[in-house]
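Below is one structure, written out as structure tokens; the observations come after it.
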2 protein chains.
Amino acid sequence: MPVQTVQANKIGVFGSMSVTLDAQDRKILAALTRNARIPVAELARQVGLSKTPVAARIRHLEEIGLITGYRAILSPLKLGLTHVTYVEVSMHDTREQALQQFNAAVRAIPEVEECYMIAGGCDYLIKVRSRDMADFRRILAEKISVLPHISNTSSHVSMEAVVEQNFRLD
Amino acid sequence: MPVQTVQANKIGVFGSMSVTLDAQDRKILAALTRNARIPVAELARQVGLSKTPVAARIRHLEEIGLITGYRAILSPLKLGLTHVTYVEVSMHDTREQALQQFNAAVRAIPEVEECYMIAGGCDYLIKVRSRDMADFRRILAEKISVLPHISNTSSHVSMEAVVEQNFRLD
DNA sequence: CCTGAAAAATTATTCGC
DNA sequence: GCGAATAATTTTTCAGG
């Protein structure tokens with residue numbers, strides 16, 4: 001059975017609670033986080049168990065939704081997507097309906113890599129990945145600035161990626 | 001032979017520059033980005049080619065460094081890491097040596113998920129993932145605030161993740 | 001709940017065309 | 001680049017501690 005069936009999310013009160021993991025589960029997750037294609041046999045060796053319990057643990061971690069999937073990681077550099085810009089967005093309407101309309105619209109923009117609603121001054125922080133400054137200008141003008149209920153935006157261009165997509169397991 | 005070797009480098013002569021991809025390569029990357037464990041046979045079906053060229057294309061995409069790896073994706077929620085905070089960091093020394101010392105130090109903090117050097121007012125933008133506010137306070141006090149050459153920090157707490165780790169292939 | 005090995009299924013590779 | 005046969009790898013199963 002393909003693994004992506006794991007992504008059947010059970011969204012609800014009980015399905016979204018955090019889970020306690022033992023040291024071996026953490027080793028399994030650390031290894032799968034480094035390499036999604038590691039064989040269970042090799043994983044078992046690293047964890048210090050036999051294949052059977054390791055396979056069962058992986059299956060369980062998938063079923064409870066802790067492992068949401070397995071993905072290939074691409075080089076933004078090789079894709080020509082070297083420019084990263086953070087856009088602060090202020091809203092002129094922060095009522096629930098307006099926020100949900102904004103959320104839906106921002107999710108439809110493929111160039112938006114991340115977006116968080118922020119407490120305090122600016123209302124949203126959007127991370128945009130683009131080819132270059134001209135590409136970003138187009139994205140800002142055609143996609144970001146036309147988002148619903150926006151009051152104004154402020155862009156902050158990255159000069160260097162110091163840490164990109166780091167993980168934390170402990 | 002894959003097409004991209006014909007017109008290999010778009011810009012410049014260096015091996016780290018961007019690559020031109022045909023529609024089939026993009027389909028392969030899109031599929032592997034959704035599911036790293038998809039069998040070559042299934043991938044071939046989706047792309048509209050047979051297994052042989054698809055396997056060769058994947059191998060090539062790995063060799064040129066466009067596919068950098070395959071990783072399991074974990075649910076921050078299930079791990080109890082629901083709090084995201086962006087920390088703006090200003091430096092009191094922006095000479096090259098100071099920046100490199102800062103970069104090395106920030107890379108050693110596991111709770112830092114991302115860090116970009118920013119043009120303009122604040123010098124760095126750091127994304128921190130924590131269990132809760134108390135956990136963040138500890139990280140800020142013990143790990144962020146003690147980074148070398150820092151002048152001051154300003155924290156922006158996320159209230160909602162609207163988009164998390166979205167990809168762009170086109 | 002784990003072990004270890006045999007069995008079964010799946011997947012990748014190698015050919016001639 | 002195709003398709004089938006081959007070869008390799010990986011997962012699953014099961015009796016036993």
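So you know, we letter chains A, B, ... as the sequences are listed, proteins then strands, and number each from 1.
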Write down the distance between [atom1] ([X]) and [atom2] ([N]), rounded to a whole number of angstrom.
{"X": "B:L32", "N": "C:dT11", "atom1": "CG", "atom2": "C1'", "answer": "15 Å"}
{"X": "B:E42", "N": "C:dT11", "atom1": "CD", "atom2": "P", "answer": "10 Å"}
{"X": "A:H60", "N": "C:dC2", "atom1": "NE2", "atom2": "P", "answer": "12 Å"}
{"X": "B:R45", "N": "C:dT10", "atom1": "CZ", "atom2": "P", "answer": "16 Å"}
{"X": "B:R59", "N": "C:dT13", "atom1": "CZ", "atom2": "P", "answer": "7 Å"}
{"X": "B:R37", "N": "C:dA9", "atom1": "CZ", "atom2": "P", "answer": "20 Å"}

Identify all side-chain donor-acceptor contacts of residues 45-56 of chain A below 3.5 Å with residues at least two apart in sequence or on another chain.
from: A:R45; atom 1: NE; to: A:E42; atom 2: OE1; distance (Å): 3.2
from: A:R45; atom 1: NH2; to: A:E42; atom 2: OE2; distance (Å): 2.9
from: A:Q46; atom 1: NE2; to: A:E42; atom 2: OE2; distance (Å): 3.0

Do you know which two heavy atoms are closest between [X] and [Y], and how far apart they sit?
{"X": "B:M159", "Y": "A:I118", "value": "CE-O, 4.0 Å"}
{"X": "A:A141", "Y": "A:V146", "value": "O-CG1, 3.8 Å"}
{"X": "A:T85", "Y": "A:S155", "value": "CG2-CB, 4.0 Å"}

A:Y124 and its side-chain contact (heavy atoms from CB on, under 4.5 Å) partner, picked from A:I144, A:T153, A:N103, A:V87: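 When A:I144, A:T153, A:N103, A:V87 are each tested with A:Y124, the side-chain contact (heavy atoms from CB on, under 4.5 Å) holds only for A:N103.
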In residues 50-58 of chain A, which residues come under 4.0 Å of DNA chain C by heavy atom?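 A:S50, A:T52, A:P53, A:R57 - these, ordered by number, are the residues of the stretch whose heavy atoms sit under 4.0 Å from the strand.
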Test item: side-chain donor near acceptor, A:Y86 and A:E114, under 3.5 Å: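 Short answer, no.
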Does anything in residues 21-43 of chain B pair up under ring pair (Phe, Tyr, Trp, His ring centres under 6.0 Å), and if so which pairs, sequence neighbours excluded?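 Listed by first then second residue: nothing to list.
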If you pin B:L49 and A:I38 to their nearest nucleotides in DNA chain D, which one's is more 5'?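 Looking at DNA chain D, the more 5' nearest nucleotide goes with B:L49.
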As a test of your reading of the structure, name each stem of DNA chain D as range with range, where a stem is three or more consecutive Watson-Crick or G-U pairs at under 3.5 Å.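 If one scans DNA chain D for consecutive Watson-Crick or G-U pairs, the stems found are C:2-17 with D:1-16.
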Report the residue (A:Q24 or B:A41) whose heavy-atom-nearest nucleotide on DNA chain C is the more 5′ of the two.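 In this pair, the answer is A:Q24.
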Identify every side-chain donor-acceptor pair in residues 161-168 of chain B under 3.5 Å, counting partners at least two apart or on other chains, and give the distances.
from: B:E164; atom 1: OE2; to: A:Y116; atom 2: OH; distance (Å): 2.9
from: B:E164; atom 1: OE2; to: B:R129; atom 2: NH2; distance (Å): 2.7
from: B:N166; atom 1: ND2; to: A:P110; atom 2: O; distance (Å): 3.4
from: B:N166; atom 1: ND2; to: A:V112; atom 2: O; distance (Å): 3.0
from: B:R168; atom 1: NH1; to: A:R129; atom 2: O; distance (Å): 3.0
from: B:R168; atom 1: NH1; to: A:D135; atom 2: OD2; distance (Å): 3.2
from: B:R168; atom 1: NH2; to: A:D135; atom 2: OD2; distance (Å): 3.4

What pairs with B:K143 under salt bridge (Lys or Arg N to Asp or Glu O under 4.0 Å), at least two apart in sequence or on another chain?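 Applying salt bridge (Lys or Arg N to Asp or Glu O under 4.0 Å) to B:K143 gives B:E111.
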